[in-house]
Amino acid sequence: MRWSHAFIPTLRDDPADAEAASHRLLVRGGYVRQLMSGVYSLLPIGHRVRSKVMAIIREEIDAIGGQELLLPALHPREIWERTGRTEAMADILFTLNDLRGGAAVLGPTHEEIFTTIATELTSYKQVPQLWYQIQTKFRDEPRPKAGLLRVREFTMKDSYSFDIDTAGLDLQFDRHFAAYTRIFARLGVTAVPVEASSGSMGGSDSVEFMVPSPAGEDDVVHCPACDYAANVERATSAIPAVEDDPGPDQPERFPTPGVRTIADLVEFEGGAAADRQIKTLVYVLDGEATMVLLRGDHELQEQKLQDASGAVEVRPAHPEEIRELLGAGAGSLGAVGVSGPRIFADLQLAERTNMVTGANLDDHHLRGVDVARDIAVTEWMDLRTVVAGEGCPECGEPLEVFRGIEAGHIFKLGTKFSEALGATVLDADGESVPLVMGSYGIGVERNMAAVVEMNHDERGIVWPVSVAPYEVVVTVVKMNDDDTVAAADRIYERLGEAGVDVLIDDRTERPGVKFNDAELIGIPYRLTVGPRGLATGNVELSVRRTGERTELPIGTVVEEVARLVAENR
RNA sequence: CGGGCUGUAGCGCAGCUUGGUAGCGCGCUUGCUUUGGGAGCAAGAAGUCGCCGGUUCGAAUCCGGCCAGCCCGACCA
């Protein structure tokens with residue numbers, strides 16, 4: 001490609017509303033332009049990178065036996081109603097009506113549709129199957145952000161496995177784990193596999209691949225000493241037990257005027273340390289008011305509450321709902337003697353005695369509470385949010401927490417979808433059994449952004465050779481010098497013939513502009529061709545990542561660079 | 001959905017308080033000079049001032065409504 005005829009609209013100034021490095025650099029480098037909130041156009045070099053990312057993913061999924069197909073983005077709403085996910089995904093589902101009065105949705109994922117295809121499987125002899133597509137997804141995210149990292153229309157590689165039993169599923173899951181590991185390595189990103197919540201997918205088990213980045217949206221708990229890593233939505237930790245006094249025979253009510261928070265009660269004369277308080281929250285789970293109890297110094301992890309309760313809709317209760325339920329305002333709530341609503345308690349409250357909690361009377365608390373004796377706990381659950389420094393649940397060493405981008409997510413689905421949609425086969429005994437499914441997703445544009453997040457410097461993007469829009473740029477220093485232009489043209493032509501993706505910067509710009517643009521858009525190798533080098537029969541090779549420069553003889557430069565590119569693809 | 005902020009030329013911004021010719025930098029066009037790290041001089045082109053309504057002799061500016069975008073939170077395969 002000749003830069004003089006290419007559409008690569010680089011910007012000198014950073015776009016005003018881009019915060020994340022990948023957002024800023026992809027816009028400034030002429031890779032993408034925003035059309036509306038969460039919707040981006042990919043310009044020519046952006047499209048080239050996307051194509052290379054997709055090619056890598058395709059190779060790796062093909063290598064584990066995937067068969068590529070292509071399903072529609074437009075779905076009948078009825079299929080989604082059959083699995084209950086018009087409700088479960090209501091907040092992100094684009095819905096529309098067609099002119100015949102039919103109801104449709106734009107697919108946010110494709111379990112329903114792949115499973116519908118899988119109803120044509122009839123015998124255990126036909127499985128295992130592994131099907132995938134690379135296709136557009138639509139999710140009406142409430143808050144798109146950070147350029148390509150969270151958008152409303154995007155490309156996803158989604159694969160689905162169908163097996164006769166869980167042993168088959170486990171095998172397909174492990175193969176995907178390995179394929180994803182290879183994909184991220186080839187993309188030039190570090191992706192940490194972590195235990196994750198399955199969220200609205202349901203299913204038994206899931207692993208997220210998290211790319212460490214401040215632009216990420218998830219907190220990942222990991223242990224530097226062993227391999228333990230988990231999304232904070234699911235992470236557990238080992239923390240020391242609190243030693244309690246037995247306390248009095250029954251709770252004692254005492255006035256606490258003005259005390260509204262855990263911290264207030266710590267300060268209050270006659271109050272208690274935070275780890276000796278019971279924090280009482282009220283949530284509405286699928287319409288049912290539920291009390292949620294934690295140790296005073298612990299934070300609720302809402303995803304754990306949702307997962308443990310199986311609720312679809314989880315929200316904090318409104319102040320008026322709380323008062324109607326318990327007769328007091330937040331700040332004076334407690335579960336002692338409460339018998340109406342369900343009471344979910346965090347495991348860290350088990351066996352605790354002599355605790356302090358609200359009295360369900362404004363400005364009053366109870367002390368001397370024995371959890372087992374005084375509170376009718378409906379169910380014990382792990383509900384607390386792990387924080388850095390707590391002990392690893394596997395080895396006890398202090399845990400660390402980092403921000404990460406969810407670059408891929410693989411699920412063991414089980415039979416949720418096959419049962420709902422009737423995807424069954426006859427087994428060897430002639431029994432009809434639902435197929436055991438897995439689903440495996442990786443976002444194409446999000447991974448483009450993740451690559452940039454992990455591969456940039458103050459000058460711009462530093463693409464790995466594997467996904468660079470062009471592998472080499474030939475920079476013509478002096479366009480009005482015939483010998484320079486001719487030499488650069490020959491190198492450009494011969495690199496192309498050698499199979500290298502090469503761009504020649506033949507614009508009539510000053511050298512500084514060309515160098516800066518080449519570094520901004522992040523081409524891995526630059527060959528600088530100018531009169532100064534040609535005088536000694538050389539051209540200069542610059543390596544974008546290291547800044548290293550070497551003079552190469554013009555006679556061997558093409559084969560040398562072609563070899564360098566091939567080695568690093 | 002709650003809070004904060006912003007819409008003025010392709011990009012980045014000023015002007016709005018106090019109503020009266022729509023500006024600056026970069027980029028773009030033409031010419032000359034320049035050319036190994038974002039050149040200089042000169043002459044130009046380009047804007048429904050987000051949209052609708054109101055006040056006024058007159059609105060980018062004041063008032064009302066709406067729309068869009070960004071950030072924080074909530075939310076989120």
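Hydrogens, waters and symmetry mates are skipped; everything else that's a heavy atom, side chains included, is used. Each chain gets a letter, A, B and so on, in the order its sequence line appears, and its residues count up from 1.
The separation of B:U8 from B:U61, taken at their C1' atoms, amounts to 12 Å, rounded to a whole angstrom. Taking atom P on both B:C49 and B:U21, the two are 14 Å apart, rounded to the nearest angstrom. Comparing B:U18 with B:G4, their C1' atoms are spaced 27 Å from each other, to the whole Å. Nucleotides B:G27 and B:C11 have their C1' atoms positioned 7 Å apart, rounded to a whole Å. For the P atoms, the distance from B:C26 to B:A43 is 15 Å, rounded to whole Å. As rounded to the nearest Å, B:U56 and B:G19 have C1' atoms that lie 9 Å from one another. If you take atom P in B:A60 and the same atom in B:G44, they sit 26 Å apart, rounded to whole Å. Only the C1' atoms considered, B:G10 is 31 Å distant from B:G53, to the nearest whole Å.
Checking side-chain atoms of A:S542 against main-chain N and O of A:E540 turns up no donor-acceptor pair under 3.5 Å. Under a 3.5 Å cut-off, the side chain of A:K304 and the backbone N or O of A:A235 do form a donor-acceptor pair. Side-chain atoms of A:E60 never come within 3.5 Å of backbone atoms of A:Y180 as a donor-acceptor pair (strictly under, hydrogens ignored). In terms of modelled atom types and a separation under 3.5 Å, the side chain of A:Q133 and the main chain of A:L71 share a donor-acceptor contact.
Contact check on A:D382 versus A:R234 returns no salt bridge, with no Lys/Arg side-chain nitrogen under 4.0 Å from an Asp/Glu carboxylate oxygen. Between A:R403 and A:D219, at least one side-chain nitrogen of the basic residue sits less than 4.0 Å from a carboxylate oxygen of the acidic one, meeting the salt-bridge criterion. Salt bridge status for A:R544 with A:D457: present, with a side-chain N to carboxylate O gap under 4.0 Å. At a threshold of 4.0 Å, the pair A:E111-A:R85 counts as salt-bridged, since one of the basic side-chain nitrogens sits closer than that to a carboxylate oxygen. Ion pairing between a basic and an acidic side chain is recognised when a charged N comes within 4.0 Å of a carboxylate O; A:D170 and A:K412 show such pairing.
Among the atoms of the strands shown, base atoms are found under 4.0 Å from some heavy atom of A:P531. If you check every strand for non-hydrogen atoms under 4.0 Å, A:T528 touches a base. Counting non-hydrogen atoms under 4.0 angstrom, A:D158 reaches nothing in the nucleic acid. Contacts of A:G443 with the nucleic acid, taken as non-hydrogen atoms under 4.0 Å apart, are absent. In this structure, A:E406 reaches the sugar-phosphate backbone alone: every heavy-atom distance under 4.0 Å involves primed, P, OP1 or OP2 atoms, never a base. A:R549 comes within 4.0 angstrom of a base, heavy atoms only.
In summary, the aromatic rings of A:H110 and A:Y160 are positioned with their centroids too far apart to meet the 6.0 Å limit. Residues A:F177 and A:F209 bring their aromatic ring centres within 6.0 Å.
Both A:R28 and A:D218 sit near RNA chain B, but only A:R28 has its closest nucleotide nearer the 5' end.
Closest to the A:P142 side chain, of the nucleotides B:C75, B:G36, B:C76, is B:C75.
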**OP:** Any chance you could list the contact pattern along nucleotides 67-72 of chain B? Use B for base contacts, S for sugar-phosphate-only contacts and - for none, protein heavy atoms under 4.0 Å, 5' to 3'.
**Re:** --SSBB

Enumerate all atom pairs, one protein N or O and one N or O from nucleotides 26-33 of chain B, separated by less than 3.5 Å.
| residue | atom | partner | partner atom | Å |
| --- | --- | --- | --- | --- |
| B:G27 | OP1 | A:R12 | NH2 | 3.4 |

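Spacing between atom CZ of A:F7 and atom P of B:G10 amounts to 13 Å, rounded to whole angstrom units. We find that CZ of A:F154 is positioned 11 Å from C1' of B:C76, with the value rounded to whole Å. Following rounding to the nearest Å, A:E519 (CD) and B:G36 (P) show an atom-to-atom distance of 15 Å. Rounded to an integer number of Å, the gap from A:E217 CD to B:A74 P is 11 Å. Atoms CG (A:L281) and C1' (B:A74) sit 15 Å apart, rounded to a whole Å. What separates NZ of A:K514 from P of B:G37 is a distance of 13 Å, to the nearest Å. Going from atom CG of A:N480 over to atom C1' of B:U34 covers 10 Å, rounded to whole Å. Here the C1' atom of nucleotide B:C76 and the CG atom of A:L93 are 14 Å apart, to the nearest Å.
In this pair, A:Y440 and A:H176 present their aromatic rings parallel. The plane angle is below 30°, not in the 30 to 60° band. Taking the six-membered ring where tryptophan is involved, the planes of A:H75 and A:W80 are essentially parallel, since the angle between them stays under 30° and well short of 60°.
With a cut-off of 3.5 Å on both Watson-Crick or G-U wobble distances, the partner of B:U29 is given as B:A43. When both pairing distances are held under 3.5 Å, B:C24 makes a Watson-Crick or G-U pair with B:G12. Across all strands shown, B:U48 remains unpaired; no Watson-Crick or G-U wobble contact has both distances below 3.5 Å. Both distances falling under 3.5 Å, in either a Watson-Crick or a G-U wobble arrangement, occur for no nucleotide opposite B:U56. Look at B:C5: its Watson-Crick or wobble partner, with both distances under 3.5 angstrom, is B:G69. B:G38 is unpaired under the criterion used here, namely a Watson-Crick or G-U wobble arrangement in which both key atom distances are under 3.5 Å. Using Watson-Crick or G-U wobble geometry with both donor-acceptor distances under 3.5 Å, B:G19 finds no partner in any strand shown.
A donor-acceptor contact under 3.5 angstrom links the side-chain atoms of A:R526 to the base of B:G37.
Distances shown here put a side-chain N or O of A:R510 below 4.0 Å from the OP1 or OP2 atom of B:A39.
The stretch residues 445-455 of chain A has no heavy atom under 4.0 Å from RNA chain B, so no residue of it qualifies as close.
A side-chain donor from one of A:E453 and A:S22 sits under 3.5 Å from a side-chain acceptor of the other.
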Subject >> CA sep, side-chain torsions, deciding dist, call: A:R526, A:E519, salt bridge (charged side-chain N to carboxylate O under 4.0 Å, His left out) >> reply: CA-CA 9 Å; A:R526 185 182 83 213; A:E519 285 156 5; 3.2 Å; yes

